[in-house]
Amino acid sequence: MWKNVEHIGIAVKDLEGVNEIYTKLFGEPPYKLESVETEQVDTSFFKVGQTKIEFLSATDENSAIAKFIEKRGEGIHHIAFEVEDIHYELERLQKEGFQFTRPEVSKGADNKLVCFVHPKSANGVLVELCQEIR
C-alpha cells in the first residue's frame, strides 16, 4: 500500500549554499545532514509542515546526481512515496512491467530502504519508493 508523498528530492551543486538560502526562506535550518556513500551524495533535509524536501549534492563526478546535473541542470530530481512493504511493491511493479534503476532495494538516507522506478517507466519522472527501517 502506498501511504503518501514522503519527500521531494532536488539535485544541487552547492549544498552548503542551498542550506543557507533555504534556512533563510523557511526560517529554520535543515533537520538532518547525511552522507550516503552508496549513492555518492551528501544530503540535507528540511521539513515544511508535513512536507520534506531533500537536497542532494554529488560527492563524486561519476555519481547519478552529478550526471543528472550535467545533463539537466539543478532542479527536481525525484518524488519519493512512502510504502508499507517496499519488497512487495518492487516485486509487484516488476511484474507490471516497470523498470527500476537497480533491481534491488538498498539503504538510503533518513533511515529508509529505497528503490527507484526508472523515469522511462513513469513518463519521465524518477519515482522513489521508501520504507522506514524498523
Side-chain angles (χ1 to χ4, degrees):
M1 178 169 73
W2 292 49
K3 294 180 174 186
N4 58 7
V5 173
E6 211 285 326
H7 68 269
I8 299 168
I10 301 174
V12 300
K13 292 179 184 177
D14 177 11
L15 190 62
E16 189 175 306
V18 164
N19 287 341
E20 286 180 31
I21 291 168
Y22 281 84
T23 294
K24 290 176 187 175
L25 183 68
F26 298 141
E28 292 185 29
Y31 72 85
K32 186 174 204 173
L33 302 172
E34 184 175 354
S35 290
V36 184
E37 291 181 25
T38 57
E39 299 298 325
Q40 299 172 309
V41 296
D42 286 335
T43 67
S44 64
F45 285 87
F46 286 85
K47 193 164 187 179
V48 180
Q50 296 300 312
T51 304
K52 288 196 264 181
I53 308 292
E54 175 189 30
F55 290 100
L56 306 105
S57 178
T59 59
D60 186 282
E61 63 186 26
N62 295 314
S63 71
I65 291 296
K67 291 176 183 176
F68 176 88
I69 290 173
E70 182 180 310
K71 185 176 181 180
R72 297 192 177 148
E74 295 178 292
I76 294 178
H77 178 259
H78 65 271
I79 299 177
F81 295 89
E82 183 179 13
V83 296
E84 194 168 296
D85 184 340
I86 195 166
H87 297 284
Y88 169 80
E89 291 297 339
L90 173 67
E91 185 177 321
R92 182 183 73 81
L93 292 172
Q94 286 173 327
K95 287 179 183 176
E96 291 286 346
F98 287 90
Q99 296 176 353
F100 284 76
T101 59
R102 286 188 224 138
E104 71 276 340
V105 171
S106 62
K107 186 178 183 312
D110 204 26
N111 196 42
K112 302 281 189 286
L113 295 174
V114 300
C115 62
F116 293 88
V117 176
H118 198 286
K120 291 178 182 176
S121 291
N123 293 83
V125 177
L126 180 61
V127 175
E128 178 182 359
L129 281 63
C130 59
Q131 176 184 328
E132 186 83 24
I133 296 174
R134 297 178 183 107

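Note that the structure is predicted; figures quoted are calculated from it, not measured. Excluded from the calculations below are hydrogen atoms, water molecules and symmetry mates; all remaining heavy atoms, backbone and side chain alike, are included.
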Is it the case that atom CD in Glu104 sees more than 12 heavy atoms from other parts of the structure closer than 6.0 Å?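 Enclosed.
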Are more than 12 heavy atoms from other residues, nucleotides or ligands located less than 6.0 Å from atom CG of Asn123?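 Check fails, neighbour count at 12 or below.
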Are side-chain heavy atoms of Gln50 and Asn4 found at a separation under 4.5 Å?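 They are not in side-chain contact.
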Straight-line distance of [X] [atom1] to [Y] [atom2], nearest 0.5 Å:
X: Leu129; Y: Leu90; atom1: CG; atom2: CG; value: 8.0 Å
X: Glu132; Y: Ile86; atom1: CD; atom2: CD1; value: 11.5 Å
X: Asp85; Y: Glu91; atom1: CG; atom2: CD; value: 9.5 Å
X: Asp60; Y: Glu37; atom1: CG; atom2: CD; value: 11.5 Å

Angle between ring planes, [X] versus [Y], binned at 30° and 60°: parallel, tilted or perpendicular?
X: His77; Y: Phe68; result: perpendicular
X: Phe46; Y: Tyr22; result: tilted
X: His7; Y: Phe45; result: perpendicular

Stepwise salt bridge (Lys or Arg N to Asp or Glu O under 4.0 Å) check, Arg102 with Glu39: CA-CA 12 Å; Arg102 286 188 224 138; Glu39 299 298 325; 2.9 Å; yes
Would you call Glu6 and Lys112 a salt bridge, taking side-chain N to carboxylate O under 4.0 Å as the test?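 Yes, charged N to carboxylate O under 4.0 Å.
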Taking only Lys NZ, Arg NE, NH1 and NH2, and the carboxylate oxygens of Asp or Glu, determine whether Glu89 and Lys3 approach each other closer than 4.0 Å.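 Salt bridge flag = no for Lys3 with Glu89.
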Of Thr59, Thr43, Leu56, which is the lone residue that meets side chain to side chain contact (heavy atoms under 4.5 Å, CB included) with Ile65?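 So, applying the side chain to side chain contact (heavy atoms under 4.5 Å, CB included) to Ile65 and each of Thr59, Thr43, Leu56, only Leu56 qualifies.
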